[in-house]
Amino acid sequence: EAGVTQFPSHSVIEKGQTVTLRCDPISGHDNLYWYRRVMGKEIKFLLHFVKESKQDESGMPNNRFLAERTGGTYSTLKVQPAELEDSGVYFCASSPGHVIEAFFGQGTRLTVV
Amino acid sequence: LAKTTQPISMDSYEGQEVNITCSHNNIATNDYITWYQQFPSQGPRFIIQGYKTKVTNEVASLFIPADRKSSTLSLPRVSLSDTAVYYCLASWAGFQKLVFGTGTRLLVSP
């Protein structure tokens, strides 16, 4: 069974540019989450989808971040325009139903220069 | 969401048993204790989960005393490949927002 897959694994962009991160959850997992860790800080929750609906987006830092999950399958996280402080590792995770075991992807390392 | 406190780092040697203790004084009745493991350049990986007493799986054991204010993750006979960061989380199953702390960086030496 394929795990959670994230694309790209690394991205280097200039300040002001746009970047779109993609996450393919495990097939059949209704719950999809985005987390991120910025340099030297803890892993922080960004948002949670249940199928295509945003269940909780309390962790989204500002309106430069837009997450979508059309059709309840894969999800994208767009940062527009990117700022230097957006650099970090963005993790996607998925889980089936009401369980605590979340399956994480390998992360996308975003560097804004 | 209950805050957890755990040691920043621990050192061990191959073949030893490692016990990592986590404090969660304000744990709620509905919270479960969950441990995740993270290797460099990878996402966190679920290890074990428990509510109270003892839980054991093929990877680790989790001990939670009756007052549930702390818990201990036990890794039997660690190997070099167990070098990783271990996160203790107190999470409500129905809420599903994982709150990661700083974790414990375990270094296993030959």
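Naming: A, B, ... by sequence-line order, numbering from 1 per chain. Because the structure is a prediction, the values reported are computed rather than measured.
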side-chain contact (heavy atoms from CB on, under 4.5 Å) evaluation trace for A:Ile43 with B:Tyr36: CA-CA 12 Å; A:Ile43 299 173; B:Tyr36 278 77; over 6 Å; no
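- Heavy atoms of A:Ser58 lying under 4.5 Å from chain B belong exclusively to its side chain.
- Of the listed residues (A:Gln55, A:Lys41, A:Arg37, A:Lys44), the greatest number of heavy-atom pairs within a distance under 4.5 Å of chain B belongs to A:Arg37.
- When the shell of 6.0 Å around CD1 of B:Ile8 is examined, it contains 12 or fewer heavy atoms from other residues, nucleotides or ligands.
- Within the 4.5 angstrom heavy-atom criterion, only side-chain atoms of B:Tyr87, from C-beta onward, approach chain A.
- Proximity to chain A (any heavy atom under 4.5 Å) is restricted, for B:Ser41, to the backbone atoms N, CA, C and O.
- More than 12 non-hydrogen atoms from other residues, nucleotides or ligands lie less than 6.0 angstrom from CZ of A:Arg22.
- Under the 4.5 Å side-chain heavy-atom criterion for grouping Ile, Leu, Val, Met, Phe, Trp and Tyr, B:Leu73 is connected to B:Met10 within one hydrophobic cluster.
- Follow the hydrophobic side-chain contacts under 4.5 Å out from B:Ile20 and you reach B:Val59 in the same cluster.
- Of the residues considered (A:Phe103, A:Phe104, A:Phe91), A:Phe104 shows the highest number of contacts with chain B, using heavy-atom pairs under 4.5 Å.
- The environment of B:Tyr51 atom OH is dense: over 12 non-hydrogen atoms of other residues, nucleotides or ligands sit within 6.0 angstrom.
- Annotation: B:Phe63, atom CZ; neighbour count of heavy atoms from other residues, nucleotides and ligands within 6.0 Å is above 12.
- Neither the backbone nor the side chain of A:Arg109 comes within contact range of chain B; no heavy atoms are under 4.5 Å apart.
- A side-chain donor-acceptor contact under 3.5 Å links A:Tyr35 to the backbone of B:Leu98.
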